[in-house]
Amino acid sequence: MELPESPTQSAGPALVLVHGFPLDRRIWSPQVDFFAPTHRLIPPDLPGFGVALHEKSIQTLEDYAKWLLAVLDGLGVGSFVLGGHSMGGYIAFAMHRIAPERLAGLALIATRAAADSPETAATRETNAQKALAEGPGFLADAMLPKLFAGDPPAAHVPTVRSMIKISKSAGVATALRAMASRPDATPQLATLKIPVLVIAGRQDKIVPAAESEAMAKAIPGARLVWAEKSGHMPMLEEPDLVNRELLDLVKLATASHP
Ligand code: MLT
């Protein structure tokens with residue numbers, strides 16, 4: 001997989017941005033524009049999404065984290081600031097479980113620590129089977145009304161549809177099953193000893209505001225930033241805010257983990 005590297009890189013940890021489900025690296029377009037000229041920015045497509053092939057060896061969120069570590073090892077990245085959007089946040093918690101020493105900072109964006117309820121897990125299995133039988137296209141109509149604060153903005157609809165259209169059925173089913181079987185990350189929150197930024201969309205229809213607030217409160221010293229005009233996609237809905245906050249996090253991580 002080809003990954004962009006910025007021409008003039010700042011010292012300090014790389015910034016790795018992991019997209020949510022069933023999306024791809026294009027959700028980070030405003031962050032790529034902002035950070036790529038000055039920072040080592042790595043926004044991968046997860047296996048089975050975007051231009052990345054499905055990887056049969058992946059079953060759990062830990063497997064995604066191991067895959068990401070292998071990518072980063074290949075790029076010579078040591079420590080990094082990991083920003084995870086929604087499912088990307090679940091992978092960030094998995095990364096913290098398997099390689100905490102590599103994390104210089106964490107940005108948890110529109111994500112949650114809790115595991116799935118049995119009902120949610122069952123719905124994911126239904127959707128996994130549907131994606132395998134029919135392809136992932138049905139997810140576009142199911143997801144679009146939930147992603148943004150109001151109606152889906154016309155500027156983003158074609159891109160979101162394209163992300164879902166080019167995702168691989170097997171990759172979508174794998175991601176759904178991995179999310180359904182993930183452990184509760186709540187016990188990890190008190191053990192996070194690195195700079196942590198929580199960005200929550202005040203109007204998120206997928207992760208309720210109260211859940212974000214409780215998660216941030218349980219992380220010692222975490223900075224909670226409300227994206228007041230955002231739903232589940234603050235990196236696209238309020239990109240300037242997200243860029244500014246990520247930049248501050250990278251600076252803090254660089255100072256505390258040079
Ligand atoms: C995501 O945006 O990654 C998903 O909505 C997360 C989830 O379904 O739990």
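Note that ligands are numbered from 1 as they come in the structure, with each ligand's atoms numbered from 1 the same way. For reference, positions follow the sequence shown, starting with 1. What you see is a predicted model, and the numbers here were worked out from it, not measured in a lab.
Around the NZ atom of Lys229, the shell of radius 6.0 Å holds no more than 12 heavy atoms that belong to other residues, nucleotides or ligands.
The backbone N or O of Leu46 sits less than 3.5 Å from a side-chain atom of His19, completing a donor-acceptor pair.
Remark: among candidates Met233, His232, Met87, the nearest residue to atom 2 (O) of ligand 1 is His232, based on non-hydrogen atoms. The heavy atom nearest to atom 7 (C) of ligand 1, considering only Lys205, Arg112, Arg124, is found in Arg124.
Close contacts between ligand 1 and Gly20 involve ligand atoms 3 (O) [criterion: under 4.0 Å to a heavy atom].
Any N or O atom pair closer than 3.5 Å counts here, and Phe21 shares at least one such pair with ligand 1. For Tyr90, a nitrogen or oxygen atom sits less than 3.5 Å from a nitrogen or oxygen atom of ligand 1, counting backbone and side chain alike.
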Quiz item: What's the verdict on side-chain contact (heavy atoms from CB on, under 4.5 Å) for Arg26 and Ser162, showing C-alpha distance, side-chain angles and the deciding distance?
Solution: CA-CA 10 Å; Arg26 284 175 283 172; Ser162 158; 2.9 Å; yes
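Criterion: ILVMFWY side-chain heavy atoms under 4.5 Å apart, direct or through other members. Under it, Leu176 and Leu53 are not part of a common hydrophobic cluster.
If you check which protein heavy atom lies closest to atom 1 (C) of ligand 1, you get Ser86 OG, 2.8 Å.
With sequence neighbours excluded, the residues forming a ring-ring contact (aromatic ring centres under 6.0 Å, His included) with His156 are Phe148, listed by chain and number.
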